[in-house]
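Notes follow the structure.
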Amino acid sequence: QVQLVESGGGLVQAGGSLRLSCSASGRTLETYAMGWFRQAPGKEREFVAVINQWSTNIDYGDSVKGRFTISRDDAKNTVYLEMDTLKPEDTAVYLCAASGAVGVPKRLVEYDYWGQGTQVTVSS
């Protein structure tokens, strides 16, 4: 079992930045691809970013490309999401997830463990 806990969310003005963290316990993350997803009220959960087990393959959702950066520190068992140039439409609960799949999984069903999420609110 892997327990994931997100932190770093909050209220920020449009154009600002936030750095989210996802800390794991229970098992080491080095064998998992790690993803970030987000869910706004009334909307489906949306893929944001993914990083593979070796940090050699990374991908982003179209709406965040060029603004968000995913990274991982396996020594700290933590994954990060640096979010820059935030927009009001980025407002959502952000969740991290761990997948045993090889590659850069983007579908919800490919993920085995999920955190509870952290709220990000971007004001205009």
**Study point:** Salt bridge K65-D62, side-chain N to carboxylate O under 4.0 Å
**Key:** yes
Exercise for review: Check whether any side-chain heavy atom of C96 sits under 4.5 Å from a side-chain heavy atom of W114, and report yes or no.
Suggested key: no
Study note, to complete from the structure: Distance col, row S71:OG vs I51:CD1, nearest 0.5 angstrom, shows 6.5 Å
Review point. Just how far is it from atom CD of E82 to atom CD1 of I70, taken to the nearest 0.5 Å?
Key: 12.0 Å
**Study point:** Approximate separation, where rounding is to 0.5 Å, of T121 OG1 and L18 CG
**Key:** 9.5 Å
Point to revise | Mutual orientation of the aromatic rings belonging to Y113 and Y32 [parallel < 30°, tilted 30-60°, perpendicular > 60°] | key: perpendicular
Check your understanding: Got a donor-acceptor contact below 3.5 angstrom from the N52 side chain to the N57 backbone?
Key -> yes
Review point. Any cation-pi pair here, R19 with Y80, using under 6.0 Å and within 45°?
Key: yes
Check your understanding: Is there a donor-acceptor pair closer than 3.5 Å between any side-chain N or O of T91 and the backbone N or O of V122?
Key -> yes
**Study point:** Heavy atoms of other groups near Q3 CD, more than 12 under 6.0 Å
**Key:** yes
Practice item. Look only at the side chain of R45 and the backbone of L95, and say whether a donor-acceptor pair between them is shorter than 3.5 Å. Key: no
Exercise for review: Check the angle between the aromatic planes of F37 and Y111 and answer parallel, tilted or perpendicular using the 30° and 60° thresholds.
Suggested key: perpendicular
Point to revise | Heavy-atom check, side chain of V79 versus side chain of L29, under 4.5 Å | key: yes
Check your understanding: Taking Q1 for the side chain and G26 for the main chain, is one N or O donor matched with an acceptor at less than 3.5 Å?
Key -> no
**Study point:** Any donor-acceptor N/O pair, Y60 side chain to F47 backbone, under 3.5 Å
**Key:** no
Check your understanding: Got W54 and D74 here, is their nearest side-chain heavy-atom distance under 4.5 Å?
Key -> no
Check your understanding: Is a side-chain N or O of D112 found less than 3.5 angstrom from the main chain of G100, in a donor-acceptor match?
Key -> yes
